[in-house]
Protein chains: 2
Amino acid sequence: MSRLNGPARTNRPAKLIDVARHAGVSTGTVSNVLNHPDKVKEGTSARVMRSIEHLGFVRDTNASSLANGGSHDIGLVVIDLANSIFLDAARGAQSTARAAGLNLLMAGSENDFGVQSSNVDSFIGARVAGLLLAPMQDSSAQIQRLTKRHVPVVLVNYDPGTDHACSVIVDNDAAGYIAARHLIDLGRRRIAFVSVDWDLQPVEQRRHGIRRAVAETDGAVTLEEIVADDLEVGSGNAIARQVAARDAAERPDAVVAVTDNLAVGFIEQAADLGIDVPGDIAVMGTDDNTSAARCRLTLTTVTMQGRQLGAVAMELLMDEIRHGRDEHRHQRVVLTPQLVVQQSTVR
Amino acid sequence: MSRLNGPARTNRPAKLIDVARHAGVSTGTVSNVLNHPDKVKEGTSARVMRSIEHLGFVRDTNASSLANGGSHDIGLVVIDLANSIFLDAARGAQSTARAAGLNLLMAGSENDFGVQSSNVDSFIGARVAGLLLAPMQDSSAQIQRLTKRHVPVVLVNYDPGTDHACSVIVDNDAAGYIAARHLIDLGRRRIAFVSVDWDLQPVEQRRHGIRRAVAETDGAVTLEEIVADDLEVGSGNAIARQVAARDAAERPDAVVAVTDNLAVGFIEQAADLGIDVPGDIAVMGTDDNTSAARCRLTLTTVTMQGRQLGAVAMELLMDEIRHGRDEHRHQRVVLTPQLVVQQSTVR
DNA sequence: CTGAAAGCGCTTACAG
DNA sequence: CTGAAAGCGCTTACAG
């Protein structure tokens with residue numbers, strides 16, 4: 001079998017021009033069957049597709065993006081995947097994106113603001129069509145870099161406090177309110193709020209909601225604030241030891257921990273020190289972290305609507321991409337959290 | 001202030017040539033300070049850096065990858081992020097990659113083999129430097145597509161059964177053995193293995209390990225296999241109802257569920273039906289899924305070394321990328337799982 | 001409906 | 001150490 005003037009069949013991946021030659025058409029036509037199928041006659045199109053298949057051609061998206069000034073990918077930058085709310089949001093965004101035929105690329109930031117920033121830049125470098133950003137702290141510098149470059153961005157689970165970008169958040173104030181209300185309705189009168197004194201938006205807002213619920217009781221219920229070293233199980237243990245060391249009369253009869261992990265830590269240690277949960281102290285978390293540590297009781301908490309968070313954010317982003325920044329109006333969508341009652345507050 | 005012949009300062013993102021003009025050098029030099037700093041004199045380099053900073057230049061990685069035939073990114077395709085072993089692996093891979101200065105892009109596959117395949121293709125299209133693939137079933141077609149194109153690939157948590165690629169797996173046979181051994185050591189004599197009859201590698205292997213442990217007892221211990229509809233909590237509930245319906249003497253005194261979610265479902269339902277766990281029946285999972293549903297007891301399980309899985313896989317991949325396919329020898333790394341004893345087997 | 005040609009923004013030999 | 005020029009693999013007007 002002679003191969004007169006075709007290139008020797010090396011192992012080199014097929015390029016678009018190889019497909020064109022194989023199908024006996026020009027590269028423009030191959031590109032058209034890929035990008036504008038309606039511009040190509042059916043027969044030609046079929047022939048080209050067969051060549052693509054035959055040669056195992058996979059288009060170089062770098063060249064493609066370069067040639068038409070931007071990729072069709074969407075980036076998702078998440079501050080940390082360990083917290084299940086972000087993970088759920090990622091999954092919600094993923095399935096919404098795919099349903100719309102978009103490719104979602106995720107980058108985790110290992111809980112490091114600097115890494116987050118570099119992830120944002122790397123997506124800028126890739127000229128993504130849009131970006132979903134799920135931060136834990138003020139990221140306006142990064143948002144500015146994006147908008148300057150006309151990269152649509154939607155904030156996930158963080159209120160940017162400006163109208164320069166869309167955002168989808170859960171009502172953390174309501175989460176706090178719902179939590180405190182639940183304990184008050186159960187007849188608890190001495191609530192302790194366990195959190196940290198870092199400047200984290202969700203913490204501030206949940207605290208505010210809890211205070212609001214307590215204030216409504218006109219002094220019938222007292223609120224104590226306990227500051228933990230961090231948001232993890234170990235700090236929950238420490239707080240439990242601190243509480244157990246007090247006279248029984250000085251102890252709270254309910255604990256709202258700002259994270260489920262803190263709540264779990266409290267419960268495990270309290271049990272070991274002879275405190276009955278929920279008998280002596282009802283305990284709950286407020287972040288519905290399904291990745292939280294294991295616990296001897298199921299934990300009452302407040303759902304954070306993770307999947308919906310991601311799905312709605314992706315929809316807002318797609319709207320902005322489609323309509324362009326001029327016709328698009330930025331929105332701020334607020335989702336309402338829901339109470340989940342479990343064994344740690346109700347026997 | 002006159003701007004004689006510079007381009008009007010539009011909102012257009014700065015390109016490399018803008019940086020070059022601003023710094024008064026050629027584009028080649030700018031490229032060199034970015035890619036080969038040693039080739040550029042210190043003063044020039046500093047000047048260029050200042051221009052980059054000043055103009056907010058972010059290099060177009062599409063153009064960059066196109067020009068030098070491949071990106072520096074690494075892709076990670078995970079069949080599903082809901083299972084914490086994959087999530088942990090992703091985090092392990094991420095931090096190892098970053099430590100080495102590599103950018104890791106993740107794509108989730110929503111538990112859909114077709115989506116997985118398209119994720120692999122999209123990373124091929126992006127000309128990534130290498131790929132980490134965490135599948136649940138035979139993916140040799142995808143692996144072949146990758147190796148044909150000289151894209152290094154490392155399998156995560158799946159044994160490809162060939163030596164065409166590196167892989168990192170946990171010893172699932174050992175996981176099964178350890179689980180059964182634990183129950184036998186506790187004095188249990190009638191073990192039930194709850195799993196599915198799908199063709200999933202980890203399931204087969206864990207079953208094999210369990211059988212091995214039981215066989216070693218020379219008939220002192222019996223093994224019953226129970227087939228669930230799927231791997232989730234609801235099926236665990238159903239199995240518990242089925243077991244509870246039997247005469248007490250016909251029930252197993254220990255249950256190994258192939259997933260933690262099945263185990264949790266079993267425990268919750270069994271408790272509601274008056275079966276004491278672990279008194280009447282000791283129950284455990286074997287996949288250390290920290291995202292598993294909440295449970296009234298902490299769950300005995302077998303750790304799957306998720307982070308290490310991802311970290312080791314990334315190291316193998318970097319080795320293959322650095323040394324090229326010729327000097328690189330494919331390896332198969334097997335990690336050993338560990339027993340975690342909790343309340344669901346030991347009171 | 002199809003083809004030839006210019007151009008996307010970089011990088012890399014190659015000369016100087 | 002630096003600059004001018006070719007080329008990476010596509011896409012898109014533009015002519016036919």
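By convention in this document, chain letters (A, B, ...) are assigned in the order of the sequence lines, proteins followed by strands, and residues within each chain are numbered from 1. Heavy-atom basis, side chains included; hydrogens, waters and symmetry copies ignored.
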S.K.: Side chain of B:L16, heavy atoms from C-beta onward: which of C:dT11, C:dT2, D:dG9 has the nearest atom to it?
M.R.: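 Closest nucleotide among those given: C:dT11.
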S.K.: Using residues 33-46 of chain A as the side-chain source, report each donor-acceptor pair under 3.5 Å to any protein atom, sequence neighbours left out, with the distance given to one decimal.
M.R.:
unit_1: A:N35; atom_1: OD1; unit_2: A:R59; atom_2: NH1; d: 2.9
unit_1: A:N35; atom_1: ND2; unit_2: A:S31; atom_2: O; d: 3.0
unit_1: A:N35; atom_1: ND2; unit_2: A:S31; atom_2: OG; d: 3.1

S.K.: Strictly distance-based, threshold 3.5 Å: is any side-chain N or O of A:S139 a donor or acceptor partner for the main-chain N or O of A:Q137?
M.R.: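 Indeed, once roles are kept as given, a pair shorter than 3.5 Å links the two residues.
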S.K.: Measure CG/B:D60 against P/D:dC8 and give the value in whole Å, please.
M.R.: 18 Å
S.K.: Let me spell it out: for each of B:D38 and A:F57, pick the nucleotide of DNA chain D with the closest heavy atom. Which residue's pick is nearer the 5' end?
M.R.: B:D38
S.K.: With B:N32, which residues qualify under side chain to side chain donor-acceptor pair (under 3.5 Å), at least two apart?
M.R.: none
S.K.: Out of curiosity, B:R50 CZ to B:H54 NE2, how far, rounded to the nearest 0.5 Å?
M.R.: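 Between atom CZ of B:R50 and atom NE2 of B:H54 there are 11.5 Å.
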S.K.: Measuring from B:I79:CD1 to B:N157:CG, what's the distance to the nearest 0.5 Å?
M.R.: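 Between B:I79 CD1 and B:N157 CG, I get 12.0 Å after rounding to 0.5 Å.
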S.K.: Could B:R12 and B:D18 be called an ion pair, given the rule that one side-chain N must be under 4.0 Å from one carboxylate O?
M.R.: yes
S.K.: Using a heavy-atom cut-off of under 4.0 Å over every strand shown, decide if B:T44 touches base, sugar-phosphate, or nothing.
M.R.: sugar-phosphate
S.K.: Given C:dC10, C:dG3, C:dT2, which nucleotide is nearest the side-chain atoms of A:R127?
M.R.: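 Within the option list, the nearest is C:dC10.
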S.K.: For the residue pair B:S140 and B:T162, establish whether any side-chain heavy-atom pair is separated by less than 4.5 Å.
M.R.: no
S.K.: Tell me: CG of B:D18 to C1' of C:dG9, nearest whole Å?
M.R.: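 The distance from CG of B:D18 to C1' of C:dG9 comes to 11 Å, rounded to the nearest Å.
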S.K.: Output all residues satisfying side chain to side chain donor-acceptor pair (under 3.5 Å) with A:N111, sequence neighbours left out; order by chain, then residue number.
M.R.: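 Side chain to side chain donor-acceptor pair (under 3.5 Å) list for A:N111, sorted by chain: A:D80.
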S.K.: Do any side-chain nitrogens or oxygens of B:K15 fall under 4.0 Å of OP1 or OP2 in C:dG9?
M.R.: yes
S.K.: Taking only heavy atoms on the protein side, list every residue of residues 63-72 of chain B lying under 4.0 Å from any atom of DNA chain D, sorted numerically.
M.R.: B:L66, B:A67
S.K.: Could you tell me whether B:H72 atom NE2 has more than 12 heavy atoms of other residues or ligands within 6.0 Å of it?
M.R.: no
S.K.: Check whether any side-chain N or O of A:H323 sits under 3.5 Å from a backbone N or O of A:D319 as a donor-acceptor pair, and report yes or no.
M.R.: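 Checking the backbone N and O of A:D319 against the side chain of A:H323, a donor-acceptor pair under 3.5 Å is found.
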S.K.: Choose from D:dC10, C:dC10, D:dC1 the nucleotide whose nearest atom is closest to any side-chain atom of A:R59.
M.R.: D:dC10
S.K.: Take the protein atom CG of B:L55 and the nucleotide atom C1' of C:dG9, then report the distance between them rounded to whole Å.
M.R.: 15 Å
S.K.: What would the secondary structure line of DNA chain C be in dot-bracket form, counting Watson-Crick and G-U wobble pairs under 3.5 Å, with [ ] for pairs that cross earlier ones and | for pairs with another strand?
M.R.: |||.||||||||.|||
S.K.: Strictly below 4.0 Å, heavy-atom distances to any atom of DNA chain C: list the hits from residues 26-37 of chain A, or just say none.
M.R.: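 Heavy-atom contacts with DNA chain C come from A:S26, A:T29.
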